[in-house]
Structure formats: C-alpha cells, structure tokens
Amino acid sequence: MKYLLLVCWDTESMNGQTEPDPGETRDEEPFAWVEDLRARGIWLTGDQLAPPRRARSVRVRDGKAIITDGPFVETKESVGGFDLLECDSLDEAVEIAATHELAQIGTIEVRPLWGN
C-alpha cells in the first residue's frame, strides 16, 4: 500500500528561505534517509514545497472562485514537503517516518492513499 508522508516544520523558517533562480539547477547533496529507502524499494518520490508565502488557497462558493494568499489556516507549522512510500503496513510507514531527519524538529503526518 502507498503512504504519503506530509513533512511539516516551522512556517517562519520556511518563509525565510531564499527562492532559487528560475533557470538554476540545484546541486542537491544526497539525503541518506531517501537513499536508504530508495535502495530498499520503499521510497517512490518526494520533494520540498515552496514556502507558505508562495501558496494560494482556492475555494469555490456559489460558483465563484475565492483565492487567498498563503495556507488556509494560520499555524506555526506548515506542510513543507512530502514523501511517497510503498510499505506493507501503516505501522511500517510510521516506523520509517520516525527516522526522518525533520521528525526531530517538526511533524511527519502519515496517511494511507486510497487512490487507484
């Protein structure tokens, strides 16, 4: 079964990050956690999200789109990235989430996917 890890940490820290230049390619150093899970065939994909200040929330009410800046709710932590795993159980996904480096300073929310 597939599990989505929502990686959350301090919104203020995320908003303080500088944006990469549009044409710039990032030289990413290997992330040991990802490399281990990739080698075991568990990690499917993942990425860091742009900071909450770059987000837009969209709601449709009475047929009219309402767009607001940033995340829908004000919180101290925001979703800053995700990882998609293929695990045998929710317990296994939770155990893996506990080893994520950002679990030490933020929150890793684990959810099973119900998609096709």
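A donor-acceptor pair is defined here as one N or O able to donate and one able to accept, closer than 3.5 Å; no such pair exists between the side chain of Glu109 and the backbone of Val7. In terms of modelled atom types and a separation under 3.5 Å, the side chain of Asp83 and the main chain of Leu5 share no donor-acceptor contact. A distance-only check finds no donor-acceptor pair linking the side chain of Ser78 to the backbone of Thr11 [under 3.5 Å].
Heavy-atom neighbours of Glu12 CD from other residues, nucleotides or ligands within 6.0 Å: at or below the threshold of 12. Within 6.0 Å of atom CD in Glu101, 12 or fewer heavy atoms from other residues, nucleotides or ligands are found, so the atom counts as exposed in its surroundings.
Between Met14 and Pro52, the shortest heavy-atom distance links the atoms CB-CD, 3.8 Å. What you find for Ala97 and Ala103 is that their closest heavy atoms are O-CB, 3.8 Å.
At a threshold of 4.5 Å between non-hydrogen side-chain atoms, the residues Asp69 and Arg56 count as touching. Contact check for Gln104 versus Trp9: no side-chain heavy atoms found under the 4.5 Å cut-off. Contact check for Thr68 versus Arg59: side-chain heavy atoms found under the 4.5 Å cut-off.
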Verdict with reasoning, Arg53 to Glu19, per side-chain contact (heavy atoms from CB on, under 4.5 Å): CA-CA 11 Å; Arg53 66 180 156 73; Glu19 303 215 11; 2.7 Å; yes
Decide side-chain contact (heavy atoms from CB on, under 4.5 Å) for Ile96 and Trp33; before the verdict, give the C-alpha distance in whole Å, the side-chain angles of both, and the deciding distance to 0.1 Å. CA-CA 9 Å; Ile96 290 168; Trp33 183 83; 3.6 Å; yes
For Leu84 and Leu113, what are the C-alpha separation, side-chain angles and deciding distance, and is it a side-chain contact (heavy atoms from CB on, under 4.5 Å)? CA-CA 9 Å; Leu84 185 61; Leu113 296 185; 3.4 Å; yes
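For the atom pair Thr45 OG1 and Lys2 NZ, the distance stands at 12.0 Å (nearest 0.5 Å). Glu77 CD to Thr107 OG1: the interatomic distance, rounded to the nearest 0.5 Å, is 3.5 Å.
In the hydrophobic cluster analysis, where Ile, Leu, Val, Met, Phe, Trp and Tyr join through side-chain heavy atoms closer than 4.5 angstrom, Leu6 is grouped apart from Ile108. There is a path of hydrophobic side-chain contacts, each under 4.5 Å, that joins Ile42 to Leu102. Phe31 is connected to Ile105 through a chain of hydrophobic side-chain contacts under 4.5 Å among Ile, Leu, Val, Met, Phe, Trp and Tyr, so both are in one cluster. Cluster membership check: Phe82 does not share its hydrophobic cluster with Leu90, using side-chain heavy-atom separations under 4.5 Å among Ile, Leu, Val, Met, Phe, Trp and Tyr. Under the 4.5 Å side-chain contact rule for hydrophobic residues, Tyr3 and Leu37 share a cluster.
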